[in-house]
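The next block holds one structure in the form of structure tokens; read it before the comments.
Remember, it's 1-based here, ligands and their atoms both numbered in the order they're listed. Fair warning: this is a prediction, and the values are worked out from it, not measured in the lab.
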Amino acid sequence: MSTYADFHRRSIDDREGFWAEQAGLIHWETPFTQVLDYSKPPFVRWFVGGRTNLCYNAVDRHLATQADKAALIFVSTETNEEITYTFAQLDREVQRMAAIMVAQGVGRGDRVLLYLPMIPQAAFAMLACARIGAIHSVVFGGFASHSLASRIEDATPKLIVSADGGSRGGKVVPYKPLLDEGIRLSAHKPGKVLMIDRGLTKFDRVEGRDVDYAQLREKHLDAKVPVTWLESNEISYTLYTSGTTGKPKGVQRDVGGYAVALAASIKHIFCGNAGETYFSTSDIGWVVGHSYIIYGPLIAGMATIMYEGTPVRPDAGILWHLVEKYKVTVMFSAPTAIRVLKKQDPAFLTKYDTSSLRALFLAGEPLDEPTARWISEGLGRPIVDNYWQTETGWPILSVAHGVEKTPTRFGSPGMPMYGYDVRLLHEATGEEVGANEKGVVAIMPPLPPGCLQTVWGDDKRFVSTYFSSVPGKVAYSTFDWGIRDNDGYYFILGRTDDVINVAGHRLGTREIEESISSHNAVAEVAVIGVADQLKGQVAVAFAVLKDASRAADPADRMKLEGEMMATVDKQLGAVARPSRVHFVTLLPKTRSGKVLRRSLQAICEGRDPGDLTTIEDPSALDQVKTALAGK
Ligand code: AMP
């Protein structure tokens, strides 16, 4: 294969041949009989009839050649722990966890919900589920009781695995009270809750429901749990992601396609090799954590660093210290983490030897050019932007330096990755737009291996959400605006829907609105995303009170604002907390009652509010301006 362009072309023109080759990167217990089944568009099945297992590929497969090599490196700067598990040790811990789960009655197809901080047991639990064919659903530790309840209700888990608490910036964050409240709010109740007691904070146990990990582990020290071989299209996990409705969607993934996609991406995009170390600063609650803390690196036989801590504690050199210490070759982080470091002494960037690093990959939110330049020059290592989504599981746009060393371009995540037939489509006509013209980033189906199979329990929603928004075409919409330059490099210009991205965390404004509306003083509220220097975007709320006089006094306003923020903290988690709640007596709406979100956002960002011909009452915008001016 001579050029990346050829490589990409073949992946689209000869999908079956291309992916059959990539499938050789993983172990198949039984070979597949059909590479691609696209008989029910837009649903796709990859590697039909093949039987494999994610845990086997991530752990067992490496025991013959690198049992004593590092597999999982746990580092917590919160609790000052540092433990390396070799593949052999990881295998033993996964077997024990799998045995505990089996003893709790968990089997193939059952759901297990994980609400855990970044601790090794989280990796054991994910891999144990994969081993026995249970479907895991990890809920980000930063989410609170309402977010948990809606996920518990949708996933209907037999077992929940949780811990007493996490720690952030040296402060203990109790998990158990939030979990208990989440279970209380949910109509579905799990049979058992497996509690990992880190000794961080005291918690109440529910008789008959809560069981103790340490005790059960002792019982299963020598357990051997056979691998459950799964047909390639069985479900490996669901991961909830925010959309434009208040109800999060369970992104559902398969087994074989996901394993192949990850193995191929480590080879072609991340250029990682067995025996090396991968370091992703993400969290297991996000898709990056699934793909590039746990499964991707391990499937490739790499050691993976699982880091509990922030980029600035004990000091802003911690990430680079870990790179030096563990000779990290591939690193993955988010632009916000780099913007946080940008506020610190740049000397930290050169304090440690980071020459092992082949590249630093950044994703999750737009990587602005100044930040990209700063880190690239400061570190002296290549920076690779990559654009993708929870739904796709691996990069849509990037550069594939394992295939060809195409140059990167600041401000652009790159070009379509192999397997993705990316088009920029006109919002109204569905026609392809030309170079340098703005369009919706769309992918022509079938989606490549590794992408979502459907929305958990809701095939209709899968089709109506993702494949029905482009006029006249069945195309997968990313709901991002994009533009392509004359050389084929793409640039992402923001979301087409009401999803916002705060420090790489994707949040639905509807969910935040619903939470604020639950405060009894609120009549109506609109939440929008506003540009922020550090976090990319922050949520800002405009609330209409039932009794406007309650916000007359600045002290009352502050009190109410604080209460509303606390409501969001309690229900959704601090990640979703708006940076400000402004009070107005009416929201800017069209005559048909739609909130003029883009105008609101423009005013907040000091831009021109655009076309206001449809506005019902122009004085609403004056109120917004007055509120922003703090009057
Ligand atoms: P999530 O599913 O939480 O990973 O969020 C996916 C969304 O984050 C995308 O649809 C984009 O809006 C944004 N995003 C992710 N990576 C990038 C990137 N490299 N550049 C620009 N936006 C990105």
Determine, considering heavy atoms only, which of L397, V384, D480, V499 sits nearest to atom 12 (O) of ligand 1. D480
Please verify the inter-ring angle class for H268 with Y418; under 30° counts as parallel, over 60° as perpendicular, anything in between as tilted. perpendicular
Using a 4.0 Å cutoff against the non-hydrogen atoms of W388, which atoms of ligand 1 qualify? 6 (C), 9 (C), 15 (C), 16 (N)
Going by the order shown, which atoms of ligand 1 are within less than 4.0 Å of some heavy atom of T390? 1 (P), 2 (O), 3 (O), 4 (O)
Only heavy atoms count here, so choose which of I500, N501, T241 is nearest to atom 13 (C) of ligand 1. N501
Mind checking whether R495 has an N or O less than 3.5 Å away from an N or O of ligand 1? yes
Would you check the N or O atoms of Q389, main chain and side chain alike, for any that come under 3.5 Å of an N or O of ligand 1? yes
Please tell me if the side chains of Y466 and L452 come closer than 4.5 Å, counting only heavy atoms from C-beta onward. yes
Cationic tip of R484 above F491 ring, under 6.0 Å, 45° of axis: no
From K594, R597, R598, residue fulfilling salt bridge (charged side-chain N to carboxylate O under 4.0 Å, His left out) relative to D498: R597
Closest heavy-atom pair, P248 versus E511, reported as atoms and distance to 0.1 Å, is CG-OE2, 4.1 Å
Side-chain ion pair, E365 and R339, N-O less than 4.0 Å: yes
Please determine if D154 and K249 form a salt bridge, counting it only when a charged side-chain N lies under 4.0 Å from a carboxylate O. no
Give the residue and atom name of whichever protein heavy atom lies nearest to atom 16 (N) of ligand 1, and the separation in Å to one decimal. G364 N, 3.1 Å
Just which atoms of ligand 1 are under 4.0 Å from any heavy atom in I492? 21 (C), 22 (N)
Just heavy atoms, cut-off under 4.0 Å: does E365 contact ligand 1 by side chain, backbone, both, or neither? backbone
Under 4.0 Å from a heavy atom of N386: which atoms of ligand 1 are those, numbered in the order shown and with their elements? 16 (N), 18 (C), 19 (N)
For the residue pair F332 and Y292, categorise the inter-ring angle as parallel (less than 30°), tilted (30 to 60°) or perpendicular (more than 60°). parallel
At a non-hydrogen distance cut-off of under 4.0 Å, which region of D385 contacts ligand 1 (side chain, backbone, both, or neither)? side chain
Proximal candidate to atom 5 (O) of ligand 1 [heavy atom criterion; set H505, R506, E391]: R506
When only distance counts, is L362 in polar contact with ligand 1, meaning an N/O pair under 3.5 Å? no
Ring pair (Phe, Tyr, Trp, His ring centres under 6.0 Å) assessment of Y295 paired with W394: CA-CA 12 Å; Y295 293 114; W394 61 284; over 10 Å; no
